[in-house]
**Student:** 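Let me give you the structure first, and then I'll get to my questions.
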Amino acid sequence: MSRPSPKLLHLTVQVPADIKGRRRSGSIVKVEEVGGRTEELLDRSAYLNINANWVNAKGAWLIHVVLVFMGKIIIDTIPGMTQQISWTLVNLIYLNLSYLMFHWVTGIPFDNELHGGAYDDLTLWEQIDDGAQYTPSKKWLFTAPILLFLASTHYTNYNPWLFAINLTALIVLAIIPKLPQLHRQRVRFLTGDASGVSTPVTPSFPKMDQNPLHAANPTDARFG
Amino acid sequence: MDSSTSVALEPLLSFLTFSFSKLESGFYRIPGSAVVARYVKSSHQNDPGRTILELILVIFAIRTLLQSRTRTDRSGKHFIKFSEKEIDELVDEWVPEPLVQPLSEWEQKDLSSVPIIAGPNGPKPKLLATGKIVTNLASFNFAGLAGNEKVKERALETLQKYGLGSCGPPGFYGTIDVHLDLERDIAEFLGTEASILYSQGFSTISSVIPAFCKRGDIIVADRSVNFAIQKGILISRSTVRWFDHNDLKSLEDTLISVEKERKKRKGPLTRRFIITEGIFERDGEMVDLPKLVELKLKYKYRLIMDESISFGTMGRTGRGLTELYNVPASQIDMLVGSVANGLCSAGGFCAGSAIVVDHQRINGTSFVFSASMPALLATSGSEAITFLRNNPSVLLNLQDNIRAIRAVLEKTEGITLLGHRASPIIHFCLRTQQQSFSVTQPTYDYEAEERILQDIVDDSIANRRAANAGETFTWTRDEKAAGVVKASVTRILSKRR
């Protein structure tokens, strides 16, 4: 049997400072942080993340060069291919595939019981090295598309349109997502009426709270 | 004027051309420079714009390569790196604090005012300090099972047969046949397929919730659920949406908005749960069960109901809200109750379908990792259920007492009664002095209110009624007790005014 305790009334919960923007806003574009809550950080540090550890392995670096090389050779075999189109294709396909793999797909495809979905909001780039920036693998992955681009502009003479396409693709697909300032940030368009953590109170909710029992409301802070 | 400036600039220009030519000849003497020069020239391709862009890219890449590694996400954003000198200073300044801070005067008074009982607990215990016999209004002894002779007899028999402890978690040699008997008794009593027994009341609901709700599931919970439920929700890592306390209109709005959200996000259909209590521990409100079940069926949610207070007290024979409202217990997916409160024994249970119960035998954390309850407590629980079945008049008595106390306390000035009028837990709170016409939000001075309530308690004890500043009152014998409390309340509050 439990002993009734006088302290049971005062349930105050600390609101963490990193709860961002749960108010309604009518903005068109909004930048939101994901995956920063303490429970998620704790859950992520439980086990090794083998979904993201392979980029540190030997051969994971070399595979980029090998794949690009083979891709170029294969594309060159297509009849009627000029150097410009060939290099553009190699560049674009490499950038798109690496964007898809590192910055689009989120979560871990296996071992859901271990992490319990703690990585579900994080892309592979954000999972690498537990979110540390400027690690060797990240530096390599950053440099590889730039090197590819420089090689392609060296070996062919792009017309201005193709140059612009290649450069924009490089910046948008390879450089901007990898910037440390955008780590775990998401750009949301036209979120509008996103429902937040707490439901808006009904009109019948008493404005002047008659019961002090409800005054320390533990709900708005940490959940959801 | 033009010629004068050009005359002034001439030595500067000639110096620059001289230094460039020197650099060039120096550059070409480095081995391999010709290769680099050829590369740059062919890259340049007579297009300075592109070359500048590429140069910017190269500089950016080199800058990135030269940055040093930052900390990972999990090492915390609040790490301050002190220098050696600062560390030494801090260490020199350090003065060890006592392990336990000395109590303030208020805390000392608080601690010493907790009454100590000599002898067995029951409806009329004897205080150790003064030797007086007082009426205990602050225990969860709703049906009078606390000192029941038959229960005691049965418990002693069990103690002699099984010994005291169960020596292990239920899954690892800790299950005794009396546990299975109690589980079966509870399931039959409530009318569900099966039930599972947990050894501690608090950790029952906080194990049931994470057993079924996982990350990505949606929980819709009442704002005033008790602490154990809040912990369970936190552990489960599910998405929570709160609805206003005991307001089924707000619940319906929340359910609709959750569905809208999911459609907008085009997310997959996940499991959805409504979590509420039968009688809320916080303030004694009772939930409208038929309406709740109707909503649950309409929006296809599962219902987890915590009947810690209402099991053993509500309904004709104490089966809880299901009996009171005549709702079949199979409509509630997980019915969680407390054997400690309702049956005056120990622990808690979760009743439901066979699948629900079997799932918890592996996935209920408290079932797997905590020791099972002693055998004598399990038989006490079974005996209590038999008692409740055979003596429904006890609960009629309880309702009479509740009505009596509420009648007296409602007329007391200075306090307001909270909760449902049939709730066996009676909460009252101090009515705030400010009128409802004031514009500013009333501020609650918790400390002062607690002091007032503690004074009421002390006064009541002095007049032979043990009470408690947690403001819970239960089963009592007559209105005199309520009258004493009312007198104390009026006395203390008039002193304060």
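All heavy atoms count here, side chains included; hydrogens, waters and symmetry mates do not. A note on names: the letters A, B, ... follow the listed sequences, proteins ahead of strands, and every chain is numbered from 1.
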**Student:** Quick check on the interface: out of Ile146(A), Leu42(A), Thr135(A), Asp43(A), who has the most heavy-atom pairs with chain B under 4.5 Å?
**Tutor:** Asp43(A)
**Student:** Of all the residues in residues 162-171 of chain A, which have a heavy atom that comes within less than 4.5 Å of a heavy atom in chain B?
**Tutor:** Phe163(A), Leu167(A), Leu170(A)
**Student:** Using 0.5 Å steps for rounding, measure from the CG atom of Leu53(B) to the CZ atom of Phe149(A).
**Tutor:** 7.5 Å
**Student:** Can you tell me which portion of Leu179(A) sits under 4.5 Å from chain B's heavy atoms? Options are side chain, backbone, both or neither.
**Tutor:**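 Side chain only.
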**Student:** After noting the C-alpha distance and the side-chain angles of Arg50(B) and Thr153(A), does the key distance pass the side-chain contact (heavy atoms from CB on, under 4.5 Å) rule?
**Tutor:** CA-CA 9 Å; Arg50(B) 294 189 206 188; Thr153(A) 53; over 6 Å; no
**Student:** Do Lys139(A) side-chain atoms and Gln67(B) backbone N/O form a donor-acceptor pair below 3.5 Å?
**Tutor:** yes
**Student:** Using every non-hydrogen atom in the two residues, find where Thr70(B) and Gln133(A) come nearest and quote the distance to one decimal.
**Tutor:**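 Smallest interatomic distance, heavy atoms only, reads OG1-N, 2.8 Å.
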**Student:** Considering only heavy atoms, which portion of Ile175(A) lies under 4.5 Å from any heavy atom of chain B: side chain, backbone, both, or neither?
**Tutor:** side chain
**Student:** Scan Thr64(B), Ile62(B), Leu65(B) and name whichever one has a side chain to side chain contact (heavy atoms under 4.5 Å, CB included) with Thr143(A).
**Tutor:** Leu65(B)
**Student:** Check each atom of Pro160(A) against the heavy atoms of chain B and say whether the ones under 4.5 Å are side chain, backbone, both or neither.
**Tutor:** both
**Student:** Could you please spell out the steps behind the salt bridge (charged side-chain N to carboxylate O under 4.0 Å, His left out) verdict for Arg215(B) and Asp120(A)?
**Tutor:** CA-CA 10 Å; Arg215(B) 192 188 299 262; Asp120(A) 278 353; 5.9 Å; no
**Student:** Relative to chain A, which segment of Ser338(B) carries a heavy atom at a distance below 4.5 Å: side chain, backbone, both, or neither?
**Tutor:**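 Contact with chain A is absent: no heavy atom of Ser338(B) under 4.5 Å.
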**Student:** So for atom CD1, which belongs to Ile116(B), do other residues, nucleotides or ligands contribute more than 12 heavy atoms lying within a distance under 6.0 Å?
**Tutor:**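 12 or below, so no.
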